[in-house]
Amino acid sequence: MIIRQAIFVGTVDPSYRKAFDVHVATRVLPLLRTLPGLTEAKVLKTLEADAQGPEVYQIYQLQFPNIAAMQMMLASERRQDVHKAMAKILPWFEGMILHNVFETF
């Protein structure tokens, strides 16, 4: 199994956090779940973290049966719908987004 994560290292302006989270839950996550090749999509929101670690606001976790399915998703036009939905809220996020791909065993 393959897991691709988008890790939001940073924070959201406190005055926009509620709107950011609602948009992710009602627009972004439903769009993520329509991506081709995907077997599961989750958004993880940090509740607690080590004080000395980096601040992670959210992690988007996408699961695929194999690399080929992930590559199909990355090349899909449907992915652009997710980018458009994210463009509305990214100005409220301060930080960087890291993408990692993991293999489970």
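Heavy atoms only: backbone and side chains are in, while hydrogens, waters and symmetry mates are out. When a residue number appears, it is its place in the shown sequence, counting from 1.
Note on V43: it clusters hydrophobically with W92, by side-chain heavy-atom contacts below 4.5 Å among ILVMFWY residues. I89 and V12 end up in the same hydrophobic cluster when Ile, Leu, Val, Met, Phe, Trp and Tyr side chains are linked at under 4.5 Å. Under a hydrophobic clustering in which Ile, Leu, Val, Met, Phe, Trp and Tyr are joined whenever their side-chain heavy atoms come within less than 4.5 Å, directly or via other members, I2 and I59 fall into different clusters. Under the 4.5 Å side-chain heavy-atom criterion for grouping Ile, Leu, Val, Met, Phe, Trp and Tyr, Y60 is connected to V101 within one hydrophobic cluster. Taking hydrophobic clusters as Ile, Leu, Val, Met, Phe, Trp and Tyr residues chained together by side-chain heavy-atom distances below 4.5 Å, L38 shares a cluster with V24.
The two residues R78 and P36 come nearest to each other via the heavy atoms CB-CD, 4.3 Å. A69 and G37 make their closest contact through CB-O, 3.7 Å (heavy atoms, listed as atom of the first residue, atom of the second, distance). In terms of heavy-atom proximity, V82 sits nearest to V28 at CG1-CG1, 4.4 Å. When all heavy atoms of M73 and L62 are compared, the pair lying nearest together is CE-CD1, 4.1 Å. Between T46 and V56, the shortest heavy-atom distance links the atoms OG1-O, 2.5 Å.
In this structure, CD1 in I67 is found 6.0 Å from CD in Q71, a value given to the nearest 0.5 Å. Once rounded to the nearest 0.5 Å, the distance linking NZ of K42 with CD1 of I3 reads 8.0 Å. Between the CZ atom of R4 and the CD atom of Q61 there is a distance of 12.5 Å, given to the nearest 0.5 Å. If you take CG on L74 and NE2 on H99, they are separated by 9.0 Å, rounding to the nearest 0.5 Å. Taken to the nearest 0.5 Å, the CG atom of L44 stands 11.5 Å off from the CZ atom of F8. T11 contributes atom OG1, which lies 4.0 Å from atom CZ of R17 (distance to the nearest 0.5 angstrom).
Between the side chain of H23 and the backbone N or O of M86, no donor-acceptor pair lies under 3.5 Å. Checked by atom type and distance alone, the side chain of N66 pairs as donor or acceptor with a backbone atom of A68 at under 3.5 Å.
The number of heavy atoms from other shown groups lying within 6.0 Å of CZ (R27) does not exceed 12. Heavy-atom neighbours of Q80 CD from other residues, nucleotides or ligands within 6.0 Å: above the threshold of 12.
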Practice problem: For ring-ring contact (aromatic ring centres under 6.0 Å, His included), just list the numbers for F93 and Y16, CA-CA rounded to whole Å, side-chain angles, deciding distance to a tenth of an Å, and then say yes or no. | Solution: CA-CA 9 Å; F93 176 73; Y16 292 107; over 10 Å; no
Quiz item: Hey, mind stepping through M1 and Q63 against side chain to side chain contact (heavy atoms under 4.5 Å, CB included) and telling me if it holds?
Solution: CA-CA 7 Å; M1 179 175 13; Q63 181 178 301; 2.8 Å; yes
Practice problem: Kindly indicate, with the supporting measurements, whether the criterion side chain to side chain contact (heavy atoms under 4.5 Å, CB included) is fulfilled by I97 and L90. | Solution: CA-CA 10 Å; I97 302 170; L90 279 180; 3.9 Å; yes
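Legend: residues meeting side-chain hydrogen bond (donor to acceptor under 3.5 Å, both in side chains) with D21, ordered by chain and number and at least two apart, are K45, Y57, Q58.
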